[in-house]
> 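One structure is given below, represented as C-alpha cells, and several questions about it will come after.
All values below come from the heavy atoms of this structure, side chains included, with hydrogens, waters and symmetry mates left out. If you're wondering where the values come from, they're calculated on a predicted model, not measured in any experiment.
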Amino acid sequence: MIALILTAFLLLVFFGIILFFGWNLSRFVLGENKIETLIPLAFIVGHGVYSFLLNALSYLIKIQINFYLILIGLAAASYFLYLLNKRQEKVEWGIDKKYRKILFITVFILMILSGISGLRTIGETSSLTHLPLVATIAENNFPVKDVFNPNLYTLYHYGWGLFIAAIYKVTGLPLWFGFDLFNFFIIGTVFLLGFALAKSFCKDSFKAYFASLAMILGGNLVFFYGFRDLFYLFKNYILSLPTEAPFRFLSGLFLDEGSTHVTTLTIENFQTVWAALGFALTLTIIYLYFRIINDKNRWLRISLLASVLFSFLALSAEVFFGVLGIVFFLYPLLYGVFKKDWEAGKFFLKSSLLVLFLGSLSAVLQGGTITQTVKGLFLDHNYSTGNNFSITAEYLSNGLIYTGKTRQFSTIPIFSWEMFLGWGLLAIFIIPVARYFFKNFFREGLFFILLIFVSLFIPLVLTVGAWQGDLTRTKFLASLFWNFSFGLFLGWLFLYLKNRPQKILAVFLVSIFIFQGALYLVVQAAFPSLEKGQPLVAKPFKTEIETEAFRWIREQTTINDYFLIPNETQAGTDYNSRFVVLTGRLAPNFYSNFKEQYGPANASKEAAIRYKSVLDECLSSAIKYLNYQYLYVDGSWPEGIEQKCLVNNNLDLMFEKSSEKKIVRIYKVL
C-alpha cells in the first residue's frame, strides 16, 4: 500500500512538472492565453521538450541520471517562465460553458474507453514488439542499441519509448501500465489539439468540435464487409447450422485483409503508441506553423519550438516527419503560385526552411531511424540498411505494395475494390470539401489537401527497398487529415442546410461517418482484439520461480550482461522479448530467424552465422564472440543444447530453482 501511494504521489509530481513547464513555455513562446488550447499544448510541448532533451543530453550524461536531472531543470525553468508570463494577458476560456462541458465529457469518454482497451491488451504478444526496447532504455541502453542485435544501434523510432522509460524510472509504475497511461493521455491530447487547430481558423466551436471528433472516429467504406459476413449470423441463429464464428461480421465492419493495407481506422492507431504520438506531434507542429506565418513578431521563437518538435517527430514517427517535410517545402511555393502573393509566399518559405533545416539537422544527428539510415547510405557501407531510395512510377501501374503476414511483398491495384472501400469517401467528396476550404480558408485548406495527397502518393512514387511495405504507414496521416477536413465540411453542411429533409440528410451523413470509429472504440474495450475471454486487466505473467530468477538478474547483473536463450522461431523471439521486458536485460538472437529486411544485412551476417553455431553446438568461441555472459536455461531451450553448453564451455551455476512445472538455471560464462 505504501509503495502504491508513493507511486501515485511521484506520478503527480512527474506529470505536474511536465504540464506546468509545457503550459508556461507555450504561454511564453506563443503569447497564448486560451485555456482550451493551453491544456493539450501543456502535455505535448512539455513531453516533447523533455524527451528531446533526454535524448540529446544522454549522449553526454548517463540517461538514468538525466531522467531526474532534466525534470529538475524543467521545474526550475517553469518557475522563471511563470514569472515572465505574469506580464501577459490572464488566461481565460475561449469557449462558453456549454462547449466546455461537451468538449471535456467527450475527452473523458475517449480516454476511458481507450484506457480500458490498453489495460486489457498489454499482455498480448503484440505488445512485446514495443516494450523490450523501453525496458532496456530504462536500464541505461543508451545510445540505444538494437534489442536483438546489440552490435548495432537501433534503426527503430524509439522516441516515444523515452517518456515511458522515464515514467517507470521516476515513479516506479510498471512499464506495461506506463504504456497504457501514455496512450490514455495521448488520445485526449489529440482530440483537443484537433479542436484548437480547427477553432484557430474557422472561429466556430461547433464546427471545430465536429472536425476533431470526426478526425478520431471517422470511418471508411470497409464496413460493407460486415454486411457480407451477416450471412454467418443468419446461418447460426436462423438456419441453426453450425458455424465457427457467427459474429464474424463485427470484424468485417472494421477491417478486411485486403483493405487494411490501403486504409486505416484512425481510432485503431491509438493503440499503436508511435502513431498516436506522431499524430499529436504533427498536429502541434502544424498549429505552430500557422501561428508562425500569422505572427511576424514571434515567428522566430515559435519556429525554434516547432523545430524541436519536428526533429523529435523524426525520432518517433519518421514517415510522418518525411511527409511533413515535403509539405513544408511545397506549400509556400504553391501558395505563391495560386494566390500570386509572392511577398507572403517568401515569408512562408523562410519559415518553412528554418524549421526544415534545424529539424532535419537535429534528426540526422540524434539517433534512431533517420540517423542510422543516413549512416548506412553515406558513411558506412558495412551498415547497409538494404534500401535503395529512388523516385519511380512503377507502383502507379503495378499497385500499392504492402508487407503481408509472411513478410513478403504483395500488391493491391490502385483501381480495385479494396482501394475504393478504403478511400471511396475521399474520391466522392474531395471536390466539394476542397471547394469549401479554398473558398473559406485558403491558407489552411491548401495545406491540408496537400498533406492528404502527399501522404497518399508517397508509397506510389517513392522506392525505399526493404521498407516499401512500412512506407504505406503514411496512410495514417492521410486518414487523420481527411477525417479532419471532411468532418469540418460536414459540420458546416449541418449548419448551412436549413429545412428538415436537408437536416436529416446531414445528420445521416454525420452518423454514418463516425459510426464505424465509435463502434470500434466500444467493441475494442469490451472484446480486445475482437476476441472473447480476455482478462479485465492484462499484464505479463510470471511464475513464482521466474519472479525469484528475474529479481536475482536485476540485482546481480547490468545492461551490459547478455543472456543466451537459444530460439530461432518467431514464438521464441516473443519469449526472448518477454524476458527482456521483465528483467531489463538483453537476450539477443542476432536476427537468426529474420530475412534481410529486418535489419542491416552486412553487419548482421557474421553474428547470425555465429549464433547458428550456438544453436547447433554451443561452441565456446561463438559464445564469446557474441559476448554472452550468462545462460538462462528453462523449458524453452531446444533439447540437448544445455548439455552441449556444459561440455563446450566453462560455466558456473549461479542460480537454480525448480518445481513440478518449471525449472530455471542461470549459468555464468567464465
> May I ask you to test the Y289-S352 pair for a side-chain heavy-atom distance under 4.5 Å?
yes
> Where the side chain of T369 meets the backbone of L155, is there a donor-acceptor pair that is under 3.5 Å apart?
yes
> Is any side-chain heavy atom of S114 closer than 4.5 Å to a side-chain heavy atom of Q271?
yes
> Evaluate the criterion side chain to side chain contact (heavy atoms under 4.5 Å, CB included) for residue pair T266 and M215; output intermediate values, then yes/no.
CA-CA 8 Å; T266 298; M215 178 182 71; 5.6 Å; no
> For F442, does the CZ atom have more than 12 heavy-atom neighbours from other residues, nucleotides or ligands under 6.0 Å away?
yes
> Exactly one of F210, F513, F437 should register a ring pair (Phe, Tyr, Trp, His ring centres under 6.0 Å) with F486. Which one does?
F513
> So which heavy atom on A280 is nearest to which on I186, and how close?
CB-CD1, 4.1 Å
> What's the verdict on side chain to side chain contact (heavy atoms under 4.5 Å, CB included) for V190 and I44, showing C-alpha distance, side-chain angles and the deciding distance?
CA-CA 9 Å; V190 169; I44 199 64; over 6 Å; no
> Once rounded to the nearest 0.5 Å, what's the spacing between atom CZ of R291 and atom OG1 of T37?
8.0 Å
> When you compare the side chain of R443 with that of F348, does any pair of heavy atoms fall below 4.5 Å?
yes
> Does F195 have its ring centroid less than 6.0 Å away from the ring centroid of Y209?
no
> Is the closest side-chain heavy-atom distance between V29 and V45 below 4.5 Å?
no
> Determine whether F104 and I39 satisfy the following criterion, side chain to side chain contact (heavy atoms under 4.5 Å, CB included), listing intermediate values before the conclusion.
CA-CA 11 Å; F104 287 99; I39 290 174; 3.7 Å; yes
> Can you give me the closest heavy-atom contact between L425 and G219, atom names plus distance?
CD1-O, 3.8 Å
> Answer yes or no: is there a side-chain heavy-atom contact under 4.5 Å between L477 and V454?
no
> First locate atom CG of L456, then atom CG of L426, and finally report the distance between them rounded to the nearest 0.5 Å.
6.5 Å
> Is the backbone of L358 close enough, under 3.5 Å, to the side chain of S362 for a donor and an acceptor to pair up by distance?
no
> Looking at every non-hydrogen atom in both residues, tell me the closest pair between T474 and P459 and how far apart they are.
OG1-CG, 3.3 Å
> Look only at the side chain of Q366 and the backbone of S311, and say whether a donor-acceptor pair between them is shorter than 3.5 Å.
yes
> Please answer whether the main-chain N or O of A208 pairs with a side-chain N or O of S212 as donor and acceptor at a distance below 3.5 Å.
no
> Measure the spacing between CG of N483 and CD1 of I514 and express it to the nearest 0.5 Å.
11.0 Å
> Kindly compute the distance separating OG1 (T189) from CZ (F184), expressed to the nearest 0.5 Å.
10.0 Å
> Taking the side chain as everything from C-beta on, heavy atoms only, tell me whether L197 gets closer than 4.5 Å to F484.
yes
> Test F438 against F338 for ring pair (Phe, Tyr, Trp, His ring centres under 6.0 Å), laying out the working first.
CA-CA 11 Å; F438 291 155; F338 287 121; 7.4 Å; no
> Can you tell which of F163, F52, F185, W160 makes a ring pair (Phe, Tyr, Trp, His ring centres under 6.0 Å) with H47?
F163
> I want to check something: taking the side chain as every heavy atom from C-beta on, are F457 and I452 in contact at a cut-off of under 4.5 Å?
no
> How close do G48 and L309 get, heavy atom to heavy atom, and via which atoms?
CA-CD2, 4.0 Å
> What class does the angle between the rings of F481 and F448 fall in, given that below 30° is parallel, 30 to 60° is tilted and above 60° is perpendicular?
parallel
> Within the structure provided, determine whether V319 and V323 are in side-chain contact (heavy-atom separation under 4.5 Å).
no
> For the atom pair CG (L315) and OH (Y158), what is the distance rounded to the nearest 0.5 Å?
4.5 Å
> Short question: side chain of T371, backbone of V364 - any donor-acceptor pair under 3.5 Å?
yes
> Taking atom CZ of F206 as the centre, report whether more than 12 heavy atoms of other residues, nucleotides or ligands fall under 6.0 Å from it.
yes
> Tell me which one of F290, W492, Y436, F489 satisfies ring pair (Phe, Tyr, Trp, His ring centres under 6.0 Å) with F441.
Y436
> Please report the interatomic distance OG(S51) to CG(L277), rounded to the nearest 0.5 Å.
7.5 Å
> Examine distances only and state if a side-chain atom of S26 and a backbone atom of A42 form a donor-acceptor pair shorter than 3.5 Å.
no
> Using atom types as modelled and distance alone, determine if a side-chain donor or acceptor of K296 lies under 3.5 Å from a backbone N or O of I293.
no
> So which heavy atom on V355 is nearest to which on S303, and how close?
CG2-O, 3.9 Å
> Looking at K199 and E36, does any basic side-chain N land under 4.0 Å from a carboxylate oxygen?
no
> Heavy atoms only: give me the nearest L103-F191 pair and the separation to one decimal.
CD1-CE2, 3.6 Å
> Give the C-alpha distance, both sets of side-chain angles, the deciding distance and a yes or no for side chain to side chain contact (heavy atoms under 4.5 Å, CB included) between F320 and W274.
CA-CA 10 Å; F320 295 0; W274 70 263; 4.0 Å; yes
